[in-house]
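One structure, as C-alpha cells, below. Some questions next.
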Amino acid sequence: MPSLKDLKNRIASVKATQKITKAMQMVAAAKLRRAQEAAEAARPYSQRMASVMSNIAEAVGGGDDAPKLMTGTGKDDTHLLVVCTAERGMCGGFNSQIARFARDHVRRLLADGKTVKILCVGKKGYDILRREYASLIIERVDFRDVKQMSFAQAETVADKVTDLFDQGGFDVCTLFYSEFKSVISQVPTAQQLIPASTGAAADDASASAIYDYEPSAEEILEDLLPRSIKVQIFRALLENVAGEMGAKMSAMDNATRNAGEMIDKLSMSYNRQRQAQITKELIEIISGAEAL
Amino acid sequence: MADSFNFELVSPERLLLSATVTEVVLPGTDGEMTVMANHAPTMTTIKPGVVTVTTSEGKTDRFVVFGGFADILPDGCTLLAESAVAVSDIDRDDINRRLQDAREDLADASTDTAKQKAQEYLDQLTTLNGAILPA
C-alpha cells in the first residue's frame, strides 16, 4: 500500500502530465486549422490540373510517342513506394496506420516476385519500415525543420522521383499518404503516380472542346506531367499535415481525459487512506484513555 | 464596353485572383498573347514573365509568374502558375536567388537538352529581371 506521501506525489505528477497533454491538444487544434486552410487553398490548383491533364491526355492519346511518365516503361517489375508520414509521434495510430498499409503492399509485391524500393518522407515511417525492410529503403527525406509545408518541399521529393525514373530506377511509382477525412478519421491511401492514371475524363463541356495547343500537345504534356506529380505529392503532404494534427488533437484529448480519470481515482484512494489514518489515530487515543 | 470573361490565377499554394476581366496579356512560351472574351480554346505553356490583367472596371493588375500553363476557353481563362506574385510585392532578392539557381542548374546540366532548357530558363529570367526591376 503506497503511503500518503507517495500518493500525493503521484497525483502531482499526473496533474503535470495532464497540463502538458492539454497544451499539446490546443497547439494541435491551432495547427490543424492552419493545415486545413492550406489544404483548402491548394485544392483549386490540383482540381484544375486534373481536368487539364485528362483533357490533354485524351488529345494526345496513348500513342507510342507519348511521354514515358504517362505510359510507363511497359514493364511492371520494379516498384517505388513513396511513403509519406509525419515527423513526430504523439498522434495515436496515425503513422503506424500508413506504415502498416505500405507494409502490406510491400509484402504483396514481394510475394509476386517484384523488386521494391521505398522512399520515406518523414521520420516516423522510416523508423517503422526500417525494422523490416531496411534493405529496400533507398532514401529518406526529412522535413524536420519545416514549419509550413510549401510547394518547394513537394518539389524536392518530386524531383527525386522523376530523376530516378529517368535513370530507369523503377517502373511503377505509388504514393502512400493519409487522406484527411475529418478530425477523427484519416484513411491511409495509395495513389499511383507513374504511369499517370488519367482517371475518368471530366464529362463537362470543356472536355469536349477542341483545343489549340501552343506549342504542341506533346510538348505541353511533357511539361505538365512532372508538374502534376509535384502537385499530387504536394497535396499528399498537405493532407498528411492536416491528418497528423487531427490525429494528434484527438490522441491528446484522450490522454487528457485519461489523466483526469486517473487523478480522480488517485484522489479517492488518497482521501480514503487519510480518513483511515485519522480513524486509526482516534481509536488509539480512545483506547488509551479507556485503559486508564 | 468589351465583353468580359472570368479569369483565375492559381498557384499551388492558393488562388491568387479570381475576377471578371476584359483582357489578359499572357507571356506564352511562343510569344506574348492577349486573351479577350470568346477566344478559341487554347492551351499554352507560360514562360517567366509579367501577366497584365484588365478587370471589367478598367483597373489594371500586374503579376509576375514563373512558368506554368494557361487553359483558355471562350468564356474563361485559368492560369496555373508554378509560382506567382503581384508586381508590387516582388522581392529583388527572390529574383536574384532564382537567377542564381538557374545558373547552377545550367552548370549542373549534363545532357544537351537539359542544358538548352536551363539556358532558356535563365535567359527568360534575365529578361524578366531587366523588364520589371528598374520600375
Side-chain angles (χ1 to χ4, degrees), chain A residues 37-60 148-155 158-159 163 166-167 204-228 230-235 237-238, chain B residues 5-18 26-33 35 38-48 65-85 94 97-98 101 105 108-111 113-114 116-117 120-121:
Chain A
E37 274 166 16
E40 237 145 71
R43 205 160 290 157
Y45 192 86
S46 56
Q47 272 170 359
R48 298 276 145 63
M49 184 65 112
S51 74
V52 169
M53 275 287 289
S54 66
N55 266 350
I56 203 163
E58 210 171 291
V60 174
Q148 177 89 45
M149 237 1 124
S150 78
F151 196 59
Q153 271 95 44
E155 262 180 332
D159 285 344
D163 279 352
D166 289 340
Q167 293 158 18
D204 54 317
S206 68
S208 57
I210 299 155
Y211 275 94
D212 286 337
Y213 294 100
E214 217 178 287
S216 67
E218 284 81 13
E219 267 175 81
I220 296 187
L221 191 57
E222 218 156 282
D223 191 56
L224 203 62
L225 280 166
R227 210 164 281 173
S228 140
K230 283 177 199 166
V231 170
Q232 287 180 54
I233 293 181
F234 184 52
R235 204 181 79 102
L237 290 178
L238 286 178
Chain B
F5 61 102
N6 201 34
F7 174 72
E8 284 184 345
L9 175 61
V10 227
S11 80
E13 267 133 40
R14 62 201 181 93
L15 181 73
L16 266 110
L17 178 76
S18 172
L26 303 171
T29 320
D30 288 355
E32 292 228 329
M33 59 195 288
V35 179
N38 303 318
H39 194 287
T42 307
M43 215 175 274
T44 177
T45 44
I46 301 287
K47 64 182 181 189
V65 293
F66 298 94
F69 64 96
D71 176 14
I72 302 158
L73 287 168
D75 55 349
C77 171
T78 312
L79 175 58
L80 299 177
E82 192 108 307
S83 83
V85 231
D94 184 53
R97 211 190 58 238
R98 282 175 200 269
D101 284 350
D105 281 351
D108 291 345
S110 47
T111 60
T113 26
Q116 194 196 344
K117 250 187 196 161
E120 262 172 29
Y121 186 65

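Naming convention: chains lettered A, B, ... in sequence-line order (proteins, then strands); numbering from 1 in each chain.
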Contacting moiety of F151(A), where chain B heavy atoms sit under 4.5 Å: both
Considering all heavy atoms, the nearest A81(B)-L9(B) contact: CB-CD1, 4.3 Å
E40(A) versus chain B, the contacting section by heavy-atom distance below 4.5 Å: neither
Engaged part of R227(A) at the chain B interface, taking heavy atoms whose separation is under 4.5 Å: side chain
Partner set under salt bridge (charged side-chain N to carboxylate O under 4.0 Å, His left out) for R98(B), not counting sequence neighbours: D94(B)
Heavy-atom contact with chain B under 4.5 Å, split by part of M49(A): both
Non-hydrogen side-chain atoms of Y45(A) and E8(B) separated by less than 4.5 Å: no
Residue selection (most heavy-atom pairs with chain B, distance under 4.5 Å) from V231(A), V52(A), D212(A): D212(A)
4.5 Å side-chain heavy-atom contact, F66(B) and V85(B): yes
Contacting region of S150(A) [heavy-atom separation from chain B under 4.5 Å]: both
Min side-chain heavy-atom separation F69(B)-L80(B) under 4.5 Å: yes
Any side-chain donor near an acceptor of the partner, Q47(A) and S51(A), under 3.5 Å: no
Short side-chain to backbone donor-acceptor contact, S11(B) and A84(B), under 3.5 Å: no
Partner set under salt bridge (charged side-chain N to carboxylate O under 4.0 Å, His left out) for E219(A), not counting sequence neighbours: none
Heavy-atom contact with chain B under 4.5 Å, split by part of L224(A): side chain
Part of S83(B) within contact of chain A (heavy atom distance under 4.5 Å): neither
Chain A contact via T78(B) - which portion, at a heavy-atom distance below 4.5 Å: side chain
Engaged part of A70(B) at the chain A interface, taking heavy atoms whose separation is under 4.5 Å: neither
Leading residue by heavy atom contact count with chain A [cutoff under 4.5 Å; candidates P74(B), G28(B), G68(B)]: G68(B)
